[in-house]
Amino acid sequence: MNSRYFDESDFCCKGEDQGTCDCGHDCYINPRLVELLDLLVDNMCGVVPEINSGYRCHEHNAAVGGVWNSQHTQGNAADLAVPDCMDIDTFEWYIKQLPFDGIGYYEDDNFIHVDVRDDGTGLAYYWEG
């Protein structure tokens, strides 16, 4: 993985830490997702959002209520915590400036899901959760 702002551990399955799997922190992440997240940080003048969830093994994904075909299980998605220095609407604006294929807005939980389900080439899927 080649990122200016994130470590591979930021993307690895967190299920073992949460007691929902024993995958050993499996990790696969689409390089296109990493590229867009680096651009996001550049656009936000170096503000690096925390990755709440990146790759998820199937066992952990099921335990957290993820859909069976979750982009997380394919290494195409990240759930990003809203940085302390901005509100969710500003953060969403920055995200929408980039060609993510999926954007999920979760205001009540203070995070935004981004994915590259079509490797950055598809129509944008957008939803509120």
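Predicted model, so just to flag it, every value in this text is computed and none were measured.
Considering only residues two or more places apart in sequence or on other chains, Asp17 meets the salt bridge (charged side-chain N to carboxylate O under 4.0 Å, His left out) condition with none of them. Scanning for side chain to side chain contact (heavy atoms under 4.5 Å, CB included) contacts around Asn61 gives Arg56, Ser70, Thr73, with sequence neighbours left out. Considering only residues two or more places apart in sequence or on other chains, Cys45 meets the side chain to side chain contact (heavy atoms under 4.5 Å, CB included) condition with none of them. Applying the salt bridge (charged side-chain N to carboxylate O under 4.0 Å, His left out) rule to Glu59 yields no partners; only residues at least two apart in sequence or on another chain are considered. Partners of Cys23 by side chain to side chain contact (heavy atoms under 4.5 Å, CB included), not counting sequence neighbours, listed by chain and number: Cys13, Cys21, Asp26, Cys57.
A side-chain donor from one of Asn76 and Gln71 sits under 3.5 Å from a side-chain acceptor of the other. Counting only N and O atoms by type, the side chains of Asp79 and Tyr106 include no donor and acceptor under 3.5 Å apart.
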query: Can Ile29 and Met1 be said to form a side chain to side chain contact (heavy atoms under 4.5 Å, CB included), step by step?
result: CA-CA 8 Å; Ile29 202 69; Met1 188 184 96; 4.0 Å; yes
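Taking the six-membered ring for Trp and the full ring otherwise, the centers of His113 and His72 sit less than 6.0 Å from each other.
Linking Ile, Leu, Val, Met, Phe, Trp and Tyr residues whenever their side-chain heavy atoms come within less than 4.5 Å leaves Tyr55 and Tyr5 in two separate clusters. Hydrophobic clustering (ILVMFWY, side-chain heavy atoms < 4.5 Å, transitive): Phe6 and Tyr28 are in distinct clusters. If you chain together hydrophobic residues whose side chains sit under 4.5 Å apart, Val116 and Val34 fall into the same group. Cluster annotation: Ile112 is connected to Phe11 through the hydrophobic network of ILVMFWY side chains, with a link wherever side-chain heavy atoms come within less than 4.5 Å.
Within the model, atoms NE2 of His60 and CD of Gln18 stand 4.5 Å from one another, a figure rounded to the nearest 0.5 Å. To the nearest 0.5 angstrom, Asp115 atom CG is 10.0 Å from Asn30 atom CG. In this structure, the separation between CD on Glu8 and OG on Ser3 is 11.0 Å, given to the nearest 0.5 Å.
Annotation: side chain of Val114 is in contact with side chain of Leu33 (closest heavy-atom distance under 4.5 Å). Between Ile95 and Phe100, some side-chain heavy-atom pair lies under the 4.5 Å cut-off. For the pair Asp42/Arg4, a side-chain contact is recorded, criterion being any heavy-atom separation below 4.5 Å from C-beta on.
No donor-acceptor distance shorter than 3.5 angstrom exists from the side chain of Asp109 to the backbone of Phe111, with no hydrogens or angles considered. Using modelled atom types, one side-chain atom of Asp10 and one backbone atom of Asp7 make a donor-acceptor pair closer than 3.5 Å.
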Could you pull out all donor-acceptor pairs under 3.5 Å where a side-chain atom in residues 80-94 meets a protein atom, sequence neighbours excluded?
{"from": "Asp87", "atom 1": "OD1", "to": "Asp89", "atom 2": "N", "distance (Å)": "3.0"}
{"from": "Asp87", "atom 1": "OD1", "to": "Thr90", "atom 2": "N", "distance (Å)": "2.7"}
{"from": "Asp87", "atom 1": "OD1", "to": "Thr90", "atom 2": "OG1", "distance (Å)": "3.0"}
{"from": "Asp89", "atom 1": "OD1", "to": "Tyr105", "atom 2": "OH", "distance (Å)": "2.8"}
{"from": "Glu92", "atom 1": "OE2", "to": "Lys96", "atom 2": "NZ", "distance (Å)": "3.3"}
{"from": "Glu92", "atom 1": "OE2", "to": "Tyr126", "atom 2": "OH", "distance (Å)": "2.2"}

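Atom CG of Asn69 is surrounded by more than 12 heavy atoms from other residues, nucleotides or ligands within 6.0 Å.
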